[in-house]
Amino acid sequence: MEKKELYDGFLVLEKHAQQMLKEIAAMKDDMAETLERNAELEIENKHLRQHLAELEKDDNKTSDGGVELSKSKQNLESLYNEGFHVCPMFYGQRRVNDEPCAFCLDIIYGEN
Ligand SMILES: [Zn+2]
């Protein structure tokens, strides 16, 4: 009787250990995903900063000679064409699959 109880005890323990392993594996996957996403965002952020710095440099160099869009709107258009949102709602985020954004277009080409 005692041996049977011991054996059952091990079965329960084994079950718990397996469950725990499963949870650890899931947590590990989550963490890997988060780290990956974080690295992606860091790269994107760096890219955006570099791009902004370039735009600001260009802005200081060139004078506006009767172009259709104002310089600041050209900058926004350029960012938008690179695949980033320039609308207040999603500013700086990547446009998924380059999908058009009505808010961005309104900011760049709208009357105001
Ligand atoms: Zn947008």
Side-chain angles (χ1 to χ4, degrees):
M1 198 58 185
E2 220 172 84
K3 275 183 190 164
K4 165 102 170 76
E5 272 168 23
L6 194 66
Y7 184 76
D8 286 351
F10 270 115
L11 276 186
V12 169
L13 213 61
E14 188 187 18
K15 233 176 149 183
H16 284 178
Q18 279 170 349
Q19 181 60 31
M20 216 147 90
L21 265 180
K22 246 201 224 163
E23 281 169 24
I24 289 171
M27 273 165 74
K28 201 185 70 185
D29 285 350
D30 280 354
M31 201 167 85
E33 219 171 276
T34 303
L35 288 175
E36 205 176 303
R37 179 87 185 115
N38 190 38
E40 253 172 45
L41 285 173
E42 264 177 35
I43 290 167
E44 200 170 299
N45 192 18
K46 200 173 150 196
H47 177 90
L48 270 174
R49 281 178 195 282
Q50 282 173 349
H51 197 72
L52 263 178
E54 275 168 31
L55 289 176
E56 277 165 14
K57 220 166 54 184
D58 286 350
D59 210 9
N60 292 335
K61 259 192 290 183
T62 53
S63 60
D64 48 330
V67 279
E68 271 183 27
L69 290 171
S70 73
K71 195 72 194 165
S72 63
K73 289 201 171 176
Q74 280 182 49
N75 290 343
L76 293 177
E77 184 189 40
S78 167
L79 263 176
Y80 181 79
N81 288 335
E82 293 246 333
F84 295 100
H85 280 281
V86 295
C87 57
M89 239 162 291
F90 306 112
Y91 189 85
Q93 289 179 35
R94 199 168 261 291
R95 287 188 293 119
V96 179
N97 298 324
D98 279 347
E99 62 178 2
C101 174
F103 302 114
C104 287
L105 293 176
D106 189 50
I107 297 252
I108 298 167
Y109 303 112
E111 283 304 303
N112 297 308

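Just follow the structure's listing: the first ligand is 1, and inside any ligand the first atom is 1.
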Q: Just grab all the ring-ring contact (aromatic ring centres under 6.0 Å, His included) pairs involving residues 86-109, residues at least two apart or on different chains.
A: His85-Phe90
Q.
Looking only at the side chains, is there a donor atom on one of Gln19 and Glu23 sitting less than 3.5 Å from an acceptor on the other?
A. yes
Q | Value rounded to 0.5 Å, distance of CD1 in Ile43 from CG in Asn38 | A | 10.0 Å
Q. Can you check side chain to side chain contact (heavy atoms under 4.5 Å, CB included) on Glu33 and Asp29, steps first, answer last?
A. CA-CA 6 Å; Glu33 219 171 276; Asp29 285 350; 5.7 Å; no
Q: Using side-chain hydrogen bond (donor to acceptor under 3.5 Å, both in side chains) as the criterion, list what pairs up with Glu42, not counting sequence neighbours.
A: none
Q | Test side-chain hydrogen bond (donor to acceptor under 3.5 Å, both in side chains) applied to Glu40 - qualifying residues, sequence neighbours left out | A | Arg37
**Q.** If only protein N, O or S atoms under 2.8 Å count, total around the Zn ion (ligand 1)
**A.** 4
